[in-house]
Amino acid sequence: NGSLTGEKEVVQSTVECLENLLEAARSGHIIGIAYSVLEHDGTACFGIYGRSGGFGIIGALEAAKTILNDVNLGDEE
């Protein structure tokens, strides 16, 4: 979380997460991905790749959505 500045910046926790995901994919542990990203200018995008069907991945996305809603509502108080 945090405010957007519009400036590009390296967020180390984001880099570490992506490196861990890449390592897990290269080892065969992750076989599919559905993701969304927030870019420095406030735009967001998403992607779905690999074997990402099934209700399990939908449940994980719903859990992420709930947490993001809580974070956003908390920032507005």
Side-chain angles (χ1 to χ4, degrees):
N1 44 0
S3 299
L4 294 175
T5 64
E7 299 294 320
K8 291 181 181 179
E9 64 178 301
V10 175
V11 178
Q12 193 59 36
S13 59
T14 301
V15 173
E16 290 171 4
C17 175
L18 290 170
E19 288 172 342
N20 290 336
L21 289 171
L22 182 56
E23 182 179 325
R26 285 188 170 142
S27 71
H29 186 73
I30 293 176
I31 61 170
I33 189 168
Y35 69 89
S36 61
V37 298
L38 180 62
E39 297 183 2
H40 72 282
D41 62 359
T43 58
C45 60
F46 71 93
I48 301 169
Y49 295 94
R51 297 169 129 184
S52 51
F55 291 111
I57 201 160
I58 293 170
L61 289 169
E62 284 296 326
K65 177 182 164 186
T66 298
I67 292 168
L68 286 170
N69 280 329
D70 290 345
V71 168
N72 287 331
L73 291 173
D75 285 344
E76 293 178 359
E77 294 178 350

Measure the [atom1]-[atom2] distance between [X] and [Y] for me, rounded to the nearest 0.5 Å.
X   : Y   : atom1 : atom2 : value
L18 : E23 : CG    : CD    : 13.0 Å
E9  : L4  : CD    : CG    : 8.5 Å
S36 : I48 : OG    : CD1   : 10.5 Å

Pairing residues for [X] by the side chain to side chain contact (heavy atoms under 4.5 Å, CB included) criterion, not counting sequence neighbours:
X   : value
I57 : A34, S52
A64 : none
T66 : D70

Heavy atoms only: give me the nearest G6-H40 pair and the separation to one decimal.
O-CD2, 3.1 Å

In short, A24 meets S27 closest at the heavy-atom pair O-OG, 2.9 Å

Transitive ILVMFWY cluster of V11 at side-chain heavy atoms under 4.5 Å: who else is in it?
none

Other than V37, what residues sit in its cluster of Ile, Leu, Val, Met, Phe, Trp and Tyr side chains whose heavy atoms are under 4.5 Å apart, directly or through others?
I33, Y35, Y49

Contacts of D41 meeting side-chain hydrogen bond (donor to acceptor under 3.5 Å, both in side chains) (sequence neighbours excluded), chain-then-number -> T43

